[in-house]
Every structure is written in C-alpha cells, then in structure tokens.
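What follows is a single structure, written as structure tokens, with notes after it.
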Protein chains: 2
Amino acid sequence: MHLQQNNGQLKPCPVHEFALFAELGDAFSEALKAVDSDIIEYNAGETIYAAGVSAQHIYLLREGYVKLFKTTFSGKDQIIRVVKAGEIFGFDGLVDIRYNHSAVPLKRATVCRIAVDKLDALGARRPEVERLIMVRCIKELQHADERLLELGAKRSDERLASFLLAWCNTTSSASRWTPLVLSRLEIAQLLGLTIETVSRLFAQWKREGLVEERQQAIQIMDRNKMKQVADSQA
Amino acid sequence: MHLQQNNGQLKPCPVHEFALFAELGDAFSEALKAVDSDIIEYNAGETIYAAGVSAQHIYLLREGYVKLFKTTFSGKDQIIRVVKAGEIFGFDGLVDIRYNHSAVPLKRATVCRIAVDKLDALGARRPEVERLIMVRCIKELQHADERLLELGAKRSDERLASFLLAWCNTTSSASRWTPLVLSRLEIAQLLGLTIETVSRLFAQWKREGLVEERQQAIQIMDRNKMKQVADSQA
DNA sequence: CGCTCTCTTGAGTATCCTCAAGACAAGTGG
DNA sequence: CCACTTGTCTTGAGGATACTCAAGAGAGCG
C-alpha cells in the first residue's frame, strides 16, 4: 500500500456526483453527503489493495484503469478483470474479512473509496444502495461467466480476438484508434497465455493487415474478419 | 423446457422454510408466505432453462445438483458452476431480460422457483432480501474468480486435483466416500479439458493409489499429496 | 445376448509453452 | 551527443502438454 505518499491528494469525494449514486437520483443527496469517503490517486504499478489484506473499503474508479488479479502458489498472475472508469470494485469487504484478489492501476488512476461499515450504515437506511450493488454484482458475474467460457473452451487466437473486439468497443469508440493500456504481459495474464503467444498473434495479424498498432494504440482494420477469428474453432 | 411433464409435481413451495430465507428469521414468515412460488422436479438431462430464454424466475435448489453452462458458437459446452442443495441460481432475471447460460440437473433435482417480479415486490418491502441476494452474489463472484485463476493459470493435473479437493469437502464429508455426480465429460467441460485427459489422470492416480473409485463415488486416499499436486507447477 | 453409452487406452499430432537470442525504444549518465 | 542500461517486445527453434482420432473394454438395459 502506498497510501502515505498519496496523502497529499487525499480529499473528500463528492459521492453523490459519482455515477454509481447518480442513478439514485437527487432525493438522496442529503443521505449521501453524510457518507465519509475520499479520493485517492495512484500511479501505475502501485498497490491499491493486495490479496489477503483486511477489506475495509469499496472502491469506485473515477479515472484510469485498474487490474484485479490473483496469484498462484507458484507466483503466476491471472488477471480477473480490468476495471474501467465508472465501475465499482472491491466488493469483498461486504462479505469477507479480507480481499481475495489484488488491485493495481494500469496507469495513473483516481479512485473514490468508501468504508464498508459506512456503506452498510447507509444501506440500512437506504436499501436502494444495496440493490444497486446487487445489480452491479450480477453484471460482474455474467462477465466472469463469459470469461470462463473463453478460458475454458477457446484457443489462443479466439481469446485474443474476443478481447480486442470487446476492448475496442467499451473504450473510447470515438476515434478508430483505441488506446491499448495493457502490456503484452498483461494481455497474456488476462487471457491465460504467454507473452510470446500474444506477441506472435499480433505480429501475424499486423502482417495480414487485420490490425494496426502505433504507440500505445490499436485499430481493428477488419471487424468482421476479427469476429470470424473469435468464433472460428477451425 | 420440460415443464409440462412436471406439472403433476408442481406444488406450492414453503419459501420460509428454505435456507435462503431461514437466515432472515421468523419475523418474515408472514411476508414470505405471501410470495408465490412453486416446487418443480426435474430429471437428469432435462432443461430448467436455456441460454437466451426469457429470465422470469430465480431458483433455489432444494435437492440434487444442477450444472450451469455456456455453449460456444461451435457447440462446445463450458460448465460455469455446479449448484449444490441450498444454493440460488438464475440471478440473470434481476438484471437482464434473458438468461445468459443454461441450467440442467446432473441427476434428479427439486427446485423452488420464485417469479422475479414477485421477488422484486418483496424486496421493495423487505430490503433484507436484496441484501441476502447481494451477499450470495458476491460469494459467487469470488468463486468465479478462483475458477478463472485455475482455467487461466493451471495445468490439467492441478485443475483436476483442485476440483477433487473442493468436491470432497463441500459434499457429504460424513463418509470418506464421496459420490461423484459428474461424468468424465462433465468434469472435462468444467475444467476446460477433454474427456480423455481427465480419464488418463484418474487412471494414473488410481494406479498410484492417490484416489479410489467405486460405482459413482470417489475417495482421496492421500489428501496432502493431492494438495501438492494441486499447487505443484512442477 | 446384443445394444448403447461411457470410459479407457494407445498412437500421432497440434497448439502452446519454454528457452534463448536479438531488436527496439526510452531513459541515464558520462 | 553518444555509449550504456533497462525494459518491453519480437522471433526462432525445440519440446511438453493436452488434443484428436481410433479402437477396444466395461457396465447397464431391453
């Protein structure tokens, strides 16, 4: 944890402005203002929380990207999920004493964190809060199910193709160039592959003109063909 | 769906007796009795619901085992989760219009199902219900995370060993013999392997005396060694 | 007894990993 | 400004894990 060095940027978070609670409408402003919470900034590679640590906060990602990952006994990392701005993470505290995965930003990220007991207290008075978390959690579960299908039943090229298609949709679809925040290693850890396999697939697809890459951004040149690759099982 | 042929066994379900709501205490009996719900029995292989179908019910498994699975474009099944007695499944209706996976009993199973709109109505009056579902859902998510780690970062023998250890814990730990409800194919679909790979591992471990098998039951002879296999990454 | 279904076992192969060397970019210090 | 370092990425060669294909064994059932 690098909280100390972030103390300077630690300031109260206007919870009610946040997407999560915006859904609840204005009627709750007063209740929400009573909730303690703070904004924290992290640099890439710092640890927001580590697996096994006491789970006392729920996090809302305001800006940037955060990877959630688990580590095997032998030290291999598996990325569980990449959190994007506007999403919640760190539910564990609502059920368990400890986090069962680790959270690290991919690049500079600002989060808003709320103490679990404060949220519990709010939830007791305003049940809509828990309903909202329930809904988010179910969506997470559906997402996890989809990823289980990919890791369990798809080949390397299908996995990478699915990932790229999903990534270039959810992220800034304004420009056709999509910033690729993940390194080759991180993509590999997300898809259950090795860095070399990911690199080779990229190289091949670039040669074929399926994708282009510049700096930290990619572009899918032929979306239909990419979809074919994603569900080929040739 | 094979609801028609089960109409004979369709009877009102005493919701308040069910484990899910037992946690809520007696104070809710009256409220819970007002909820429409029914018990349905299914035989192995029948479909409780299929992916893509309108999601109008939440299910509580009273007895038996149910597999939840997704199917790839090319027809391969991936088992997402094996539901055991006392657990809930089919959350999708609370968020989506359709189920995004299919549910089929492994052997004869009895479920209690509640219409989503009825549950919503109950939840509006009794927020504890939604909190309970939220908690269950978070646990599901943690479980899914663990499985993502296994599918993404572990070898075949590690996956099977982890599975067997988990299976023989959660199930009837009374006798040292644990009924193995899953076929080789289903174990393969759960672990992202092929039937042959699973069979070969079983054969090898039986030769080594690590496990024994008779009828539909298994027994881990050396739990410590099995744990070593589960986290070897040799 | 023969049928079907699941499971086992073997042989060959494909996919993906490991190991290793080199390319490339960015940053550091002389 | 250039050598040098560092880290990420690329590319190749070889090999291991797990898959495919195929045949046979075993169990259950009519």
Side-chain angles (χ1 to χ4, degrees), chain A residues 43-45 67 72 74-78 106-107 150-161 163-164 179-208 210-218 229-230 232-234, chain B residues 43-45 67 72 74-78 106-107 150-164 179-208 211-218 229-230 232-234:
Chain A
N43 291 316
K67 63 176 174 184
T72 62
S74 50
K76 254 175 131 179
D77 284 352
Q78 173 68 36
L106 292 176
K107 34 179 39 182
E150 294 188 347
L151 292 188
K154 294 189 179 178
R155 282 187 326 236
S156 59
D157 54 345
E158 299 175 296
R159 290 184 215 176
L160 185 57
F163 162 72
L164 288 179
L180 186 59
V181 196
L182 299 151
S183 69
R184 295 289 129 106
L185 177 60
E186 285 161 335
I187 295 173
Q189 290 173 339
L190 179 69
L191 302 180
L193 302 171
T194 57
I195 192 175
E196 293 96 330
T197 303
V198 174
S199 185
R200 273 183 251 270
L201 286 170
F202 266 112
Q204 185 190 332
W205 291 348
K206 280 192 247 179
R207 253 174 285 145
E208 297 172 359
L210 223 188
V211 298
E212 288 188 8
E213 193 177 24
R214 72 167 186 205
Q215 257 96 265
Q216 297 274 22
I218 53 158
V229 176
S232 50
Q233 204 71 247
Chain B
N43 290 317
K67 63 175 173 183
T72 62
S74 50
K76 255 174 128 179
D77 284 352
Q78 174 68 37
L106 292 175
K107 37 179 36 183
E150 293 188 347
L151 293 189
K154 293 190 179 177
R155 282 185 326 232
S156 60
D157 54 344
E158 298 176 295
R159 291 184 213 176
L160 185 57
S162 301
F163 162 72
L164 289 178
L180 186 59
V181 196
L182 300 150
S183 69
R184 294 290 130 105
L185 176 60
E186 285 161 337
I187 295 174
Q189 291 173 340
L190 180 70
L191 302 180
L193 303 170
T194 58
I195 192 174
E196 292 96 330
T197 303
V198 174
S199 186
R200 274 184 250 270
L201 286 169
F202 266 113
Q204 184 190 332
W205 291 349
K206 279 192 248 180
R207 252 174 285 146
E208 297 172 0
V211 297
E212 287 187 8
E213 193 176 24
R214 71 167 187 204
Q215 259 96 264
Q216 297 275 21
I218 54 158
V229 177
S232 50
Q233 204 70 249

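Labels below follow one simple rule: chain letters A, B, ... track the order of the sequence lines, proteins then strands, and each chain is numbered from 1.
Atom pair B:I187:CD1 and C:dT6:P shows a separation of 14 Å (rounding to whole Å applied). Taking atom CD on A:Q215 and atom C1' on D:dT8, their separation rounds to 15 Å, with Å as the unit. A:R155 has its CZ atom 10 Å from the P atom of D:dT20, to the nearest Å. Between the CG atom of B:L182 and the C1' atom of C:dT6 there is a distance of 14 Å, rounded to whole Å. Taking atom NZ on B:K154 and atom P on D:dT17, their separation rounds to 17 Å, with Å as the unit. C:dC17 atom P lies 12 Å from atom CG of A:D157, rounded to whole Å. The CG-C1' distance, from A:L201 to C:dC17, rounds to 13 Å in whole Å. Atom P of nucleotide C:dC17 and atom CD of A:Q189 are separated by 13 Å, given to the nearest angstrom.
Summary of helix geometry: the two end axes of the helix from C:dC1-D:dG30 to C:dG30-D:dC1, each defined by five base pairs via their C1' atoms, are inclined to each other by 20° (rounded to 10°).
Other residues, nucleotides and ligands place no more than 12 heavy atoms under 6.0 Å from the CD atom of B:Q216.
Taking CD from A:E196 and CZ from A:R184, the interatomic distance works out to 12.5 Å, rounded to the nearest 0.5 Å.
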Protein-to-nucleotide contact annotation, 5' to 3' order, nucleotides 8-13 of chain C [B base; S sugar-phosphate only; - none; under 4.0 Å, heavy atom]: BBBB--
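Checked against side chain to side chain donor-acceptor pair (under 3.5 Å), A:K67 has the following partners two or more places apart in sequence or in another chain: A:E186. Partners of B:S199 under the side chain to side chain donor-acceptor pair (under 3.5 Å) rule, at least two apart in sequence or in another chain, do not exist in this structure. Every residue meeting the salt bridge (Lys or Arg N to Asp or Glu O under 4.0 Å) condition with B:K206, not counting sequence neighbours, appears here in chain and number order: B:E213. Here B:D157 pairs with B:R155 under the salt bridge (Lys or Arg N to Asp or Glu O under 4.0 Å) rule; sequence neighbours left out.
Counting heavy atoms from C-beta on, the side chains of B:T197 and B:L191 never come closer than 4.5 Å. When side chains are defined from C-beta on, B:L182 counts as touching B:F163, because their heavy atoms get closer than 4.5 Å.
Distance from the side chain of A:T194 is smallest for C:dC17 among the nucleotides C:dC7, C:dC17, D:dC19.
With hydrogens and angles ignored, the 3.5 Å screen pairs a side-chain donor or acceptor of B:Q78 with a backbone N or O of B:L190.
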